[in-house]
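Here the structure comes first, spelled out in structure tokens, and everything after it is commentary.
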Amino acid sequence: MFISSRILLAVVALAVGLYFVDVLYIVAKQQVAYGYSIVALPLILLWVAVRASRMTLAPITIGVSAFIIYLVWAFISGTVQVSDFEFTYWKQALMFAKERDARQLLNTISPPTILYYSFFLNLFGNSYVSTFIGSAFAWAVSAALLTSALENFGVHKRICSLAGLFMGLSPGIVFYSSLVSPEAVFQLLLISSIFMLSLSKKHPFSLMPILASSSLLAFLFLTRPVGLFYYFGFLAYVLLSFEAVSQSNLTKALLLGSAVAPFLVFIVLMAIANYLMLGVIKINPHPYGAYNFLSGTNYSSKGTWNAEDGELAGFSGSNAVSLGEASRNAIRIAVDRIRSDPFRFARFAATDKVSSMWGTDTQGLYWSLHASLQKSRFIESGLLTFLSRICDSFYLLSLFIFVIAFPFLVFHLETRVLALCVIPAAMLAILHFFIEVQGRYHIPFMPFVYTAVAWFVTQISNSTSLRALAFPLMVRHGTLKTEFPS
């Protein structure tokens, strides 16, 4: 069983690795086209990262520092919520905070996101300041919990600190932190579930960490449907733990039940609530999955949102039909587009769509300043261009190091941890091959990227010879048989 599962995961990891090679190629190509300082800035940032890797910071220090920086950016940028951030999340959270209507909550596409931000609106008042605090709290706690989770898994403290710093102080995250977004809630729930799972490493026969992690992943799925993929990775981790730790059949049954029952219970309760409140049975709050599939096959929009497809299928416009009929139309049209020229679609998905999803990490900078009164000052002073270059240089450097570090990590990671990482990554890559993409959709990948980068950079900073630099998988803190290389 060990050999077969390891080989299968190695094949999946190879596919994920090739996907990220493609991502790196597209990003590097795009940054060169934009004229960014593709060599100088990344080298400076690498030097800073190597210096930072020699420090050990407590999770609370990382979290508080990130929280302050996020709030400073929110007020300096003068962020005004626009587009989906305004209509889908800010206004819906504001409405629920005032009316507390369960029907309205269930009709939103991300109930946990609305619940989360409405809590801060009730706590601090109905203003942007409340959501600035809410977003900053979610991102900052995520960075702190990532640091703690890695420590619980047995990772060297320098790597933990650097991973937390990378995620907490990543320019792309800092600029995104002022927006009312499901990504903030998704990241908080994801890292919280990983943190709870890490407690099971310290207490392998305890059911509570597994129960808590499964429950958090149910809310992750309700926040964004792709949360289901992380649940599959979690379930694989639990199943493969039976091989890693000797347990009785009763203990195995209890652990598996603890992994499955909470997730199913929350999903069933959601279906019941929808039936009682709305008269429909559904577990996925997002009603436009078919439209996402259709827009993901649109060559003109490069797989991103576009109004034309909505009108073509009948979701909107003068030819609008019922949601069910429009969904069937969307699926039929999307399948026809793929069937008409599968090779063209494959090239399109591996180039244009990857570029739309991964090409830049400045989506937070763009949207946080989009309707801000401060935008003209940022442009006229040249600060917007400078911040864009810093952001994408850090992003490009992170992806470059990740692609180098990934095969080494695959070789060393324990089987169950490898499953936890590569199963969600592979499923997300396959899904976005077909459905609509946006720049912010790569954010759920980034905790894994930053952790791998932190490990590699720490190895570089510890290197004392060219041989050690060339083969950074030589572990110098403990044995090779650790769950994560230290």
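- More than 12 heavy atoms of other residues, nucleotides or ligands sit less than 6.0 Å from atom NZ of Lys375.
- When every heavy atom of Ala138 is checked against every heavy atom of Leu188, the shortest pair comes out as O-CD1, 4.0 Å.
- Ring centroids of Tyr395 and His442 are separated by less than 6.0 Å, placing the two rings close together.
- When the side chain to side chain donor-acceptor pair (under 3.5 Å) test is applied to Ser135, the partners found at least two apart in sequence or on another chain are Tyr117.
- Partners of Leu123 according to the side chain to side chain contact (heavy atoms under 4.5 Å, CB included) rule, which considers only residues two or more places apart in sequence or in another chain, are Phe119.
- Sequence neighbours left out, the pairs with a member in residues 80-93 that pass salt bridge (Lys or Arg N to Asp or Glu O under 4.0 Å) are Asp84-Arg440, Glu86-Lys91.
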Extract all donor-acceptor atom pairs below 3.5 Å that involve side chains of residues 162-176 and protein atoms in other chains or at least two apart in sequence.
from: Ser170; atom 1: OG; to: Gly172; atom 2: N; distance (Å): 3.4
from: Ser170; atom 1: OG; to: Tyr450; atom 2: OH; distance (Å): 2.8
from: Tyr176; atom 1: OH; to: Glu183; atom 2: OE1; distance (Å): 2.8

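- Qualifying side chain to side chain contact (heavy atoms under 4.5 Å, CB included) partners for Pro444, counting only residues two or more places apart in sequence or in other chains: Phe186, Arg224, Tyr230.
- To the nearest 0.5 Å, atom CD1 of residue Ile390 and atom OG1 of residue Thr362 are 13.0 Å apart.
- When all heavy atoms are compared, the tightest approach of Ile338 to Phe434 is CD1-CD2, 3.9 Å.
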Handout entry: Phe402 vs Phe406, ring pair (Phe, Tyr, Trp, His ring centres under 6.0 Å): CA-CA, chis, key distance, verdict
Key = CA-CA 6 Å; Phe402 175 77; Phe406 185 73; 5.4 Å; yes
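- The aromatic ring centroids of Phe20 and Trp358 lie less than 6.0 Å from each other.
- The ring pair (Phe, Tyr, Trp, His ring centres under 6.0 Å) test with Phe266 singles out one residue from Phe221, Phe219, Tyr231, and that residue is Phe219.
- With sequence neighbours left out, Tyr366 forms a side chain to side chain donor-acceptor pair (under 3.5 Å) with His370.
- Counted by atom type alone, Asp392 and Thr360 present one or more donor-acceptor pairs between their side chains at under 3.5 Å.
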